[in-house]
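Only one structure is covered here, and it is reproduced in the block below.
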Amino acid sequence: MFFFMTLLMLINASFASVSDLCGNTNSKSNVTSPLAQNRANEWCISGVCENNGKVFKRDKCVKQLSDGEEPYENGIALSYDEEHRDEKSLTMKSYAQNYHLYPDDSCYQECRPEKKSFLGVSTGTRLGAQKDECVRCMIKLNPSKEAFASFEVKGHGVTVYEGQKCYYACRLPAGPYLDHRPYSSECLTCIGAMGLKPELEHLMNQAGECFEIREDFQGASKVPEKFCKESFNKYMTHYEKSSKYSVDYIVMKRPQTCYEVDGKSDGKIYRKKVDMSLCDGKSINDSERSATKDRPSSQAKKSSSGGAQRN
């Protein structure tokens, strides 16, 4: 029986196409090794891909996630390993995305675990990466390689991005296969689904990059620039020299240093060493920041409603 099931998976897996591997059917894209089981709970397809005029080798694999000992029922990893070679260099690239499957996700039904039995006796559970329909569904996915990972909080119409507090609060765990999405009260409060959304503060640096200030001023996490465009609670950075009264300057005779610091905590949240010439001249005009033009003060006017932006 096991031999028959494995043979059936091998036959069906061979139908994985060049578009599953490369995301295109360009003339130089082709499959050299069809989709086949590489090791327990892992299936891979290999070949050559052509993208934007460049040709490279790619392995694409589907694997069941685990905690090191026990597999996660809803955890599937999709990974790429690439070899980019030209006359002067060889570059190896890897990319992986872990999926925690919940209702409405791609391949959720196809990867649902199934009970196994022999002569009416239960023999365990067949997980997603052991099922032909799951492997063939997952291998067709092409995960985004955008700068900021994101996902939708299903049922609430909100998209959260990596770096945001809500991203970590709303990320659903790997574990048992469930027919519902167990969003925590912390997540629902964070996105405003349970009333007034907590106040969030943002910071824009001289390059126009946007950061969400973490609670208790424990630093800031980089987020997409759009959040600074929409924020009512936004701070800017400015340049300042290190003190002439410091031990470094007086005792160690070290020259002053120029830093880019945030206007909320004067460098406790954001502090970056920059070229000294920036402290000798004027700070960048707000109109020169790449994200948005803002008021000239270092701190934007607070909103009386405490309204952080909605996604």
Side-chain angles (χ1 to χ4, degrees), residues 1-68 70-86 89-102 104-114 116 124-147 149-151 174 177:
M1 177 64 71
F2 175 78
F3 173 78
F4 175 77
M5 292 300 298
T6 301
L7 180 62
L8 182 62
M9 284 192 72
L10 285 170
I11 293 173
N12 288 332
S14 66
F15 290 115
S17 68
V18 65
S19 63
D20 298 334
L21 173 65
C22 301
N24 62 56
T25 55
N26 294 339
S27 60
K28 295 182 181 179
S29 295
N30 64 86
V31 175
T32 57
S33 297
L35 184 63
Q37 189 167 14
N38 186 33
R39 56 177 66 92
N41 294 334
E42 182 178 40
W43 291 73
C44 297
I45 182 174
S46 302
V48 175
C49 295
E50 178 189 4
N51 192 16
N52 296 325
K54 296 182 178 180
V55 178
F56 53 92
K57 294 181 180 179
R58 171 182 280 178
D59 296 329
K60 185 178 182 182
C61 298
V62 173
K63 181 180 180 180
Q64 195 80 34
L65 291 174
S66 74
D67 62 3
E70 295 296 324
Y72 295 117
E73 288 187 349
N74 71 349
I76 304 283
L78 186 61
S79 64
Y80 297 95
D81 286 311
E82 297 178 353
E83 178 183 300
H84 295 255
R85 184 188 297 270
D86 58 32
S89 65
L90 171 63
T91 304
M92 308 301 293
K93 297 182 179 181
S94 295
Y95 176 76
Q97 181 161 333
N98 294 339
Y99 292 84
H100 302 164
L101 301 181
Y102 285 91
D104 299 324
D105 284 340
S106 299
C107 306
Y108 172 75
Q109 290 298 341
E110 291 85 347
C111 295
R112 181 185 291 276
E114 296 176 348
K116 296 187 294 183
T125 302
R126 181 178 294 109
L127 300 178
Q130 298 170 327
K131 297 175 59 180
D132 172 53
E133 62 267 37
C134 173
V135 173
R136 287 191 288 120
C137 182
M138 292 297 301
I139 206 70
K140 292 180 183 295
L141 300 181
N142 290 295
S144 171
K145 297 183 181 180
E146 296 179 357
S150 65
F151 60 82
Y177 224 81

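Predicted, not measured: the structure shown is a model, and the values here were computed from it.
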Quick check: closest heavy atoms across Thr32 and Gly47, and the distance to 0.1 Å?
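Smallest interatomic distance, heavy atoms only, reads OG1-CA, 3.3 Å.
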
Can you list everything that forms a side-chain hydrogen bond (donor to acceptor under 3.5 Å, both in side chains) with [X]? Sequence neighbours excluded, please.
X     : answer
Glu82 : Arg58, His84
Ser94 : Asp81
Asp86 : Ser89

With sequence neighbours left out, the residues meeting side chain to side chain contact (heavy atoms under 4.5 Å, CB included) with Ser106 are Leu141

Under the 3.5 angstrom rule, does the side chain of [X] hit a backbone N or O of [Y] as a donor-acceptor pair?
X      : Y      : answer
Asn26  : Ser29  : no
Gln130 : Asn41  : no
Glu83  : Lys57  : no
Glu114 : Leu127 : no
Lys60  : Ile139 : yes
Trp43  : Ala129 : yes
Tyr177 : Tyr108 : yes

Please determine whether disulfide bond (SG atoms under 2.5 Å apart) holds for the pair Cys111 and Cys137, giving the CA-CA distance in whole Å, both sets of side-chain angles, and the decisive distance to 0.1 Å. CA-CA 8 Å; Cys111 295; Cys137 182; over 6 Å; no

Check SG atoms, Cys134 and Cys107, less than 2.5 Å apart
no

Under a 4.5 Å cut-off applied to non-hydrogen side-chain atoms, are [X] and [Y] in contact?
X     : Y     : result
Cys49 : Leu21 : yes
Glu50 : Ser27 : yes
Lys93 : Phe56 : no

Applying salt bridge (Lys or Arg N to Asp or Glu O under 4.0 Å), name anything that partners Asp59, two or more places apart in sequence or on another chain.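 Asp59 satisfies salt bridge (Lys or Arg N to Asp or Glu O under 4.0 Å) with no other residue.
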
Salt bridge (charged side-chain N to carboxylate O under 4.0 Å, His left out) pairs touching residues 21-40, sequence neighbours excluded, are Arg39-Glu42

